[in-house]
J.: 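Take this structure first; my questions come after.
Each chain gets a letter, A, B and so on, in the order the sequences are listed, and its residues count up from 1. Worth knowing before you read on, the calculation uses all heavy atoms, side chains too, and leaves out hydrogens, waters and symmetry mates.
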Amino acid sequence: MEMLLEVSYALDTFYFLMSGLLVMWMAAGFTMLESGLVRSKNTVEILTKNIGLYSIACIMYMLVGYNIMYGDSSSSIIPGLSFLVGGDNSVADVVAGGEDAPYYSNISDFFFQVVFVATAMSIISGAVAERMKLWTFFIFAVAMTGFIYPIQGYWSWGEGFLDELGYMDYAGSGIVHMAGATAALAAVLLLGPRKGKYGPDGQINPIPGANMPLATLGTFILWMGWFGFNGGSELKVSDVESANAVAMVFANTNLAAAGGVVAGLITARLLFGKADLTMGLNGALAGLVAITAGPDTPSMLLATIIGAVGGTIVVFSIVTLDKLRIDDPVGAISVHGVVGIWGLLAVLLSNGDATLTGQLVGIACIFGFVFVASLIVWLILKVTMGIRVDEEMEYQGMDLAECGLEAYPEFSGSAVTRK
Amino acid sequence: MEMLLEVSYALDTFYFLMSGLLVMWMAAGFTMLESGLVRSKNTVEILTKNIGLYSIACIMYMLVGYNIMYGDSSSSIIPGLSFLVGGDNSVADVVAGGEDAPYYSNISDFFFQVVFVATAMSIISGAVAERMKLWTFFIFAVAMTGFIYPIQGYWSWGEGFLDELGYMDYAGSGIVHMAGATAALAAVLLLGPRKGKYGPDGQINPIPGANMPLATLGTFILWMGWFGFNGGSELKVSDVESANAVAMVFANTNLAAAGGVVAGLITARLLFGKADLTMGLNGALAGLVAITAGPDTPSMLLATIIGAVGGTIVVFSIVTLDKLRIDDPVGAISVHGVVGIWGLLAVLLSNGDATLTGQLVGIACIFGFVFVASLIVWLILKVTMGIRVDEEMEYQGMDLAECGLEAYPEFSGSAVTRK
Amino acid sequence: MEMLLEVSYALDTFYFLMSGLLVMWMAAGFTMLESGLVRSKNTVEILTKNIGLYSIACIMYMLVGYNIMYGDSSSSIIPGLSFLVGGDNSVADVVAGGEDAPYYSNISDFFFQVVFVATAMSIISGAVAERMKLWTFFIFAVAMTGFIYPIQGYWSWGEGFLDELGYMDYAGSGIVHMAGATAALAAVLLLGPRKGKYGPDGQINPIPGANMPLATLGTFILWMGWFGFNGGSELKVSDVESANAVAMVFANTNLAAAGGVVAGLITARLLFGKADLTMGLNGALAGLVAITAGPDTPSMLLATIIGAVGGTIVVFSIVTLDKLRIDDPVGAISVHGVVGIWGLLAVLLSNGDATLTGQLVGIACIFGFVFVASLIVWLILKVTMGIRVDEEMEYQGMDLAECGLEAYPEFSGSAVTRK
Amino acid sequence: MKWITAVIKPFKLDDVRTALMEIGVQGLTVTEVKGFGRQKGHTEVYRGAEYVVDFRPKLKLEAAIADDQEDKVIQTIQKAAHTGKIGDGKVFVFDLEKCLRIRTGETGQEAL
Amino acid sequence: MKWITAVIKPFKLDDVRTALMEIGVQGLTVTEVKGFGRQKGHTEVYRGAEYVVDFRPKLKLEAAIADDQEDKVIQTIQKAAHTGKIGDGKVFVFDLEKCLRIRTGETGQEAL
Amino acid sequence: MKWITAVIKPFKLDDVRTALMEIGVQGLTVTEVKGFGRQKGHTEVYRGAEYVVDFRPKLKLEAAIADDQEDKVIQTIQKAAHTGKIGDGKVFVFDLEKCLRIRTGETGQEAL
Ligand SMILES: Nc1ncnc2c1ncn2[C@@H]1O[C@H](COP(=O)(O)OP(=O)(O)O)[C@@H](O)[C@H]1O
Ligand SMILES: Nc1ncnc2c1ncn2[C@@H]1O[C@H](COP(=O)(O)OP(=O)(O)O)[C@@H](O)[C@H]1O
Ligand SMILES: Nc1ncnc2c1ncn2[C@@H]1O[C@H](COP(=O)(O)OP(=O)(O)O)[C@@H](O)[C@H]1O
């Protein structure tokens, strides 16, 4: 029996590590997606930003974030504060068996959680692309991944008051995706649109991304990584029910994304007359975000539909934000924020334990807190080091200004007919 | 004992899910490979096509294909028809143990199977690249993934008549790869070659792909994903014999691909005097296709040789098809069709249970059925919505015509010295 | 109990296979990294070189290398010689249980080891990029992967004299990384720098890489694959202690890389005033190499610091090698060699079993042997077939000279302002 | 007929083109070029080694026009391309002997 | 000597080059350009926002020729580049004062 | 004023630019072009099918200069761009009627 408990512990730990690894891989996905959707003159900067933010997120979460989110606290609103990550389980504790025995490595849990915070942060970098100062962004990453994200994460996954109120968010449509999008929204409102994006009389000038294959690759990477993101969030695989649940989550995650692609492409086709690839890609991601709040309960058909609705919403959302002059080069606010909300509500369709109140309160609290907290940090940064590069630098491109490097130095760029 | 059965069930389920995830990743591989081998003006369209077909395949197989392939039927030729995918195993059934007890999640099996049908469909998109109408292709995808593929799949993996006749096809050299290539051949014959590909007096004009790193990346992705494709097809890992078999399959799959690369590069070097990268890439894939019908029985040395023969065949096949004016921009028909047949015959080298008759009948039935069925569907599409874009659109590029988007808008493209 | 041993065997085998798969994926990482850091005119050649070397490594190691490294020998210095890889474990042996019973598939071990040798070889290709003859390189690959690497590998991992002396190298900072870098150094010294790299009066002309997103993607792939590289080197996951150790290795590997990125970016910023992306990427890899010799013993904080020191060293090393006119286009010698040594010494910080003598002797023996052996092989190749393409070919680019193909034929390349 | 060659800052293209259309110029051919002049390039650092990129991206506009349009065209370009900062570019005027429209075979001013 | 500048549709390059070689033109310099003229651009949609790409890709051919070849060259280009559809392009003729072959130092017609 | 157009081998750009600066040429416009001439292209094989790439990458330099600089400029370019191997390129000289600096409105030699 002891050996069996050990093998079972090993299997769950291994499952956590594989899931975490897949979520880590999403960092590459965001990087490719974003570097495909910006102009070539801003590509090196977005690459630097993405690999940098992932690193900062990992370090900050190790230093303080993990303990804020999952440490002890006497309040269900204000989390505790302590540093570094504790040790792992002893063999004795594991083989003791029973309800309370640990069934997977604590460190594997840390690894799985740390990649989630990186995801939340990645969402922001796309929205502020092509105009925000690099080092300002990095400072914000410190605040977001060390404090803002963990605090609201504590409320639900850390067994704080949102958990008590019955807020249901399986793998984080709200806690991860909407939280990231909210911080992005705060930033974009302060930053303003890219120069040349909006004309004087309501005119919207498109600024096409430089490299569509990269954007597509990024989407596929994200899709793949999402199996770890959602699949790992069952937190256990080692018995029949958990294994079935994980399998269901995989199948539903896949079908929601598929539904999102089809819906995104068809919606774009109906609205614009063309099969707009970028809407198909955003549709895939929207499908994934939509199912993330509850991939375990719907049937496959319902999961497909939830994803398809997400893929439809995202097209309208992108067009609407553009009309509102909220300039989001990669559509992050729509994909992760607007569709994240849809995902949280869609939980009600198949999960009897979820309540409309619970979901709405959760949305309101996360949005409210993250928006205000981010806005304050962004404002402080704006006043102190500045958040936006100057006009000439923006025109020249972030790459030369911030990184002294070109992404594609031999393909001379600056095409004749583009802004 | 019950808990042990549960852990074992969990391990096999997890193994299925990881394998399926790797096969899903092959969709990205095909996408990158194909987008590297077409011209830049047709790149967005091929990206859209690939992410779209994967999505359609997943949805159609969920709706109807899986049940056709694995559902009940009173005939060994005509499969049954029913919709959606059933529920999962109960704990009781699993822990009952014994021969008939389910040992992995049904849904994980569905997930593993659904990514296979997407692979078959991906094969087609490369062969028809740069000239086929996007939406026509999508309609064909509905027919192929919902019906044509599942019907012939039923014959062998669904325990239909090919299975009874002893046709051996471990992971689908025939059922997946040759089937895909056959549908591609039917399409290419109807479509005709790309404009400018063949000159008036037997002249063959090369049309180089726009992005070799992408094509190479795609090949590596496919190679990686193939470990899931073949490795998962053992269908079990949880005992010593299965685990050893899966390990053997991994090692042989890897070596067959390696043999294919070396043979492809050397053959090209001998024939053309240069180390033609694209032939090395096709060699890798040929090695993988060749071993797919029987990666469990050969020794590693034999596996390497089977792959190397595949890598040699593919070079000659590509050159020959070009002489026959069968225009296949990425070499899909050679890699998956011609080499698929070699793979099915190579099973005889190491698997005593395989018979020449069984293999030949299998090849003939799959080829015959898929060719005729696809041809009919393509013909109907040709008559109704048309299958080929008009000349001017083809010249301008599919991207503007179908997607209204350029893949690399800043790298002005349309080089001086190319067609 | 027997079934439990079987399940445990299956889990460890599966863990090996997943780890090996991740290391295989590193081949794609090196390929993308290198193809991003060379000029476009040398891109096809480096792609061909990478996929070719991986294939050669797999075949040679199967034919002879694995047995040299892990076979029987009566000497602790001179390994035995035999061919091909033996069979797998019988069920009886496994279920016998006890200390000596095999607990994972031999073939899965082979698969895991074979991808390591490919990694060592990949390191070399970057350093000799843009000037070495392709087929010469391939011949060297035969010698390196069949003989040089396995011989020194035998000394430690094959239980030879370095193992006896207490040399500690968990996953191969020395055995894999420094060994590869040493062979690269021998090659670079014989080859000389790229034409135009160094001016007459100490001037250093930068030769920017053509595609930064690819280089970044390659880094992320390597980062991901490294979880297999280090995580699999625990060689067991199926009990609590092993599972905890693997989890620790994952977390530390990730944090060391993160530390490397942050240190690399900050160091570059302080030295050059810009956030040099390529130094961030090299920092990530340096962090990974640094932790590889001992990812199991440090705390997460220490792991982060070990990585950060690696990320700092690498910047200074790259600049120094440039001053010494040792031309290494991708920084491989610095990342894998110089930082590899740092990693071996850093083991002393947290692993009480390691001794300074043991580590220094290990470094000296591996470096000495690989350097001399490689130099001899390179010299023989230089005299016989030549190791460097002629000046005009180098100017024109390796792609046309060796492969007859362009990487990006439509993006006309040869920018005005570059060398 | 005259042949006007103007080197301008890339982001001024739309303004110049619109202004030229308004005064009746019907055709234009644009080339991406690199300019070297009083306006200096910028310094980049690649892996620790500094280097100067001397050339700046510019656009070259070429237009064949009737003789009597010359002054107006020059002035229009100057006005539309002007920022007042170094590197604004130049306008050059050549004599154009002949002109032919390939499609119709028209020649001379008809063909502009 | 004369300097011929022709703007043509890209896919006509091979035809024009072959035709020019046949009548003895030995050298040619080709530039990728963007043309603006009677032929209109196309509309693209990017993420819901429409925009017009006004410029069409064209090739500019330049050849220095002897005076007596002028008519033949113009006619040859016109024939080879002709499709009859809008956007076929133009041929322009300039006077060329001097010409020098760098390799040999030859000048004038020798150097063409 | 004169307008010098030189087609040279790409890797000679730095030498030519430096040499021209030394003799006082202040501005230069450079275009990437493809050249067709006595120097032949190379053969490539793509997936078994051979084809010839006829054109070679070259750079075209254009500089407006004062009349009295003409000879010196031509000689300087010839010397700096010379390798003696086929394909070294050519120098062409045109008459330039007018010149205007957009930034200041200066014209003629002032504007060079
Ligand atoms: N003499 C010249 N011949 C050809 N092109 C020139 C000449 N002088 C300037 N140019 C072009 O004009 C551009 C702007 O010139 P520059 O001297 O930098 O600024 P400004 O015109 O404001 O003095 C240069 O980048 C170059 O392309
Ligand atoms: N006046 C002009 N000056 C310079 N280039 C011109 C002029 N007119 C036309 N062109 C070039 O010729 C191309 C074809 O001209 P366009 O007016 O579209 O068609 P067409 O010559 O058939 O009337 C244009 O795209 C442009 O590059
Ligand atoms: N008559 C010409 N008109 C325009 N460009 C020419 C002419 N002849 C040569 N060139 C340009 O000069 C380049 C070099 O010419 P080429 O005949 O190859 O060598 P060489 O000048 O050494 O004889 C060509 O690639 C082409 O760009």
Side-chain angles (χ1 to χ4, degrees), chain E residues 1-8 10-35 57-67 73 76-77 80 92-112, chain F residues 1-10 12-13 15-16 19 29-41 51-62 65 67 70-97:
Chain E
M1 291 168 295
K2 296 295 171 194
W3 179 261
I4 309 289
T5 293
V7 177
I8 64 168
F11 73 103
K12 280 293 189 183
L13 176 65
D14 265 356
D15 294 346
V16 174
R17 196 207 59 196
T18 315
L20 286 176
M21 278 175 67
E22 273 165 19
I23 61 163
V25 173
Q26 301 241 14
L28 213 60
T29 298
V30 180
T31 315
E32 291 180 32
V33 297
K34 306 277 177 177
K58 301 277 171 194
L59 293 180
K60 182 169 81 174
L61 273 54
E62 293 171 308
I65 55 167
D67 292 319
V73 166
T76 305
I77 294 177
F92 305 102
V93 183
F94 300 85
D95 186 55
L96 174 62
E97 292 192 348
K98 287 197 190 152
C99 176
L100 166 100
R101 167 172 286 128
I102 291 174
R103 171 164 51 96
T104 57
E106 288 159 292
T107 53
Q109 298 219 7
E110 310 281 279
L112 292 182
Chain F
M1 290 167 295
K2 297 294 170 193
W3 179 261
I4 310 288
T5 293
V7 177
I8 64 169
K9 288 186 170 164
K12 281 291 188 183
L13 175 65
D15 294 345
V16 175
T29 298
V30 181
T31 315
E32 290 180 32
V33 298
K34 305 277 178 178
F36 179 80
R38 283 173 180 73
Q39 187 190 16
K40 287 297 155 252
Y51 64 112
V52 181
V53 176
D54 290 309
F55 291 87
R56 320 267 334 187
K58 301 277 172 196
L59 292 181
K60 183 168 80 175
L61 272 53
E62 293 172 307
I65 56 167
D67 291 319
E70 180 180 341
D71 291 342
K72 204 154 69 185
V73 167
I74 297 178
Q75 280 160 29
T76 305
I77 293 177
Q78 205 217 334
K79 227 174 109 193
H82 190 262
T83 70
K85 296 214 196 103
I86 199 159
D88 270 358
K90 310 234 157 118
V91 183
F92 305 103
V93 183
F94 300 84
D95 185 56
L96 174 62
E97 293 192 348

J.: To the nearest 0.5 Å, how far apart are CZ in F/F92 and NZ in E/K98?
T.: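 The CZ atom of F/F92 sits 14.5 Å away from the NZ atom of E/K98.
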J.: With side chains defined as the heavy atoms from C-beta onward, is the minimum distance between E/R101 and F/R38 less than 4.5 Å?
T.: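 A side-chain contact under 4.5 Å exists here.
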J.: With only heavy atoms counted, which part of E/M1 is less than 4.5 Å from chain F, the side chain, the backbone, both or neither?
T.: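 Neither part; nothing is under 4.5 Å.
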J.: Between CD of E/E32 and NZ of F/K34, what distance do you get to the nearest 0.5 Å?
T.: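 Here the interatomic distance stands at 7.0 Å.
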J.: For E/I102 and F/K90, which heavy atoms make the closest approach, and how far apart are they?
T.: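 Between these two residues, the closest heavy atoms are CD1-N, 3.8 Å.
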J.: Contact part of E/E62 toward chain F, heavy-atom cut-off under 4.5 Å: side chain, backbone, both or neither?
T.: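 Interface part for E/E62: side chain.
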J.: Quick one: are E/V30 and F/F36 in side-chain contact, heavy atoms under 4.5 Å?
T.: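 No, too far: nothing below the 4.5 Å cut-off.
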J.: Shorter than 4.5 Å, heavy atoms on both sides: which option in F/D95, F/I8, F/V7 has the most such pairs with chain E?
T.: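 Among the listed options, the one with the most contacts to chain E is F/D95.
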J.: What residue in F/V91, F/T83, F/I77 has the most heavy-atom pairs under 4.5 Å with chain E?
T.: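 Most heavy-atom pairs under 4.5 Å with chain E: F/V91.
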J.: Can you measure from NZ (F/K60) to OG1 (E/T29) and round to the nearest 0.5 angstrom?
T.: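 So the NZ of F/K60 and the OG1 of E/T29 are separated by 7.5 Å.
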J.: With a 4.5 angstrom heavy-atom cut-off, is it the side chain or the backbone of F/E70 that approaches chain E, or both, or neither?
T.: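 Side chain only.
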J.: Heavy-atom distance under 4.5 Å to chain E: side chain of F/I4, backbone, both or neither?
T.: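 Contact with chain E is absent: no heavy atom of F/I4 under 4.5 Å.
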J.: So which part of F/K79 gets closer than 4.5 Å to some heavy atom of chain E, the side chain, the backbone, both or neither?
T.: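 For F/K79, there is no contact with chain E at all, as no heavy atom is under 4.5 Å.
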J.: May I ask you to name which of E/C99, E/G27, E/A64, E/G105 has the most heavy-atom pairs under 4.5 Å with chain F?
T.: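 Heavy-atom pairs under 4.5 Å are most numerous for E/C99.
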